[in-house]
Amino acid sequence: MHSHSDLLAVTDSTRDMSSSLRRNDRFGGHPTMAFAYGLGGLLLFPLRFGASTVLLDRFTPESMIQSIRD
């Protein structure tokens with residue numbers, strides 16, 4: 001179980017690597033939120049830096065390419 005401050009610590013501990021993230025950035029991918037990459041890459045980092053996440057109902061390579069185009 002994680003506390004709210006643990007979630008902030010994840011993003012703040014990598015601030016040097018994520019300092020280029022901006023509000024108009026969009027995140028996307030196919031890992032589930034229960035997986036560490038999904039939690040960090042699709043939820044924590046976008047929320048911490050004010051960016052957005054594009055979630056697909058069903059991931060396929062074609063739907064991801066269309067999402068990037070859109």
Side-chain angles (χ1 to χ4, degrees):
M1 180 168 44
H2 295 286
S3 70
H4 291 101
S5 62
D6 290 343
L7 299 178
L8 290 175
V10 168
T11 59
D12 291 344
S13 65
T14 58
R15 188 168 290 268
D16 290 342
M17 294 182 344
S18 54
S19 63
S20 63
L21 300 177
R22 303 287 179 252
R23 291 186 179 276
N24 61 348
D25 288 338
R26 303 292 179 262
F27 287 71
H30 68 281
T32 65
M33 293 292 183
F35 188 49
Y37 289 116
L39 180 65
L42 299 177
L43 180 67
L44 298 180
F45 286 99
L47 285 176
R48 181 66 169 147
F49 297 100
S52 298
T53 297
V54 177
L55 299 174
L56 303 175
D57 289 333
R58 177 174 279 214
F59 174 84
T60 65
E62 295 79 18
S63 66
M64 184 59 129
I65 289 170
Q66 186 60 46
S67 175
I68 291 168
R69 287 180 182 146
D70 293 343

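Along the sequence shown, residues are numbered consecutively beginning with 1. Being a predicted model, the structure only gives us computed values, none of them experimental.
- Between L8 and T11, the shortest heavy-atom contact is O-OG1, 2.9 Å.
- Contact of the R48 side chain with the D12 side chain is registered, since non-hydrogen atoms from C-beta on lie closer than 4.5 Å.
- A continuous path of ILVMFWY side-chain contacts below 4.5 Å connects L42 to L47, so both sit in one hydrophobic cluster.
- At distances below 3.5 Å, at least one donor-acceptor pair connects side-chain atoms of R26 with backbone N or O atoms of N24.
- With hydrophobic clusters built from ILVMFWY side chains whose heavy atoms lie under 4.5 angstrom apart, I65 does not share a cluster with L56.
- Here the closest heavy-atom approach between residue S67 and residue V54 is recorded as OG-CG1, 3.3 Å.
- Counting all heavy atoms, side chain and backbone alike, M64 lies closest to G28 at CE-C, 3.7 Å.
- For R23 against F49, the heavy-atom pair with the smallest separation is CG-O, 4.0 Å.
- Listed by chain and residue number, D25, F27, P46 satisfy the side chain to side chain contact (heavy atoms under 4.5 Å, CB included) test with A51 (two or more places apart in sequence, or in another chain).
- With sequence neighbours left out, the side-chain hydrogen bond (donor to acceptor under 3.5 Å, both in side chains) criterion links D70 to Q66.
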- prompt: Can L43 and T53 be said to form a side chain to side chain contact (heavy atoms under 4.5 Å, CB included), step by step?
  reply: CA-CA 7 Å; L43 180 67; T53 297; over 6 Å; no
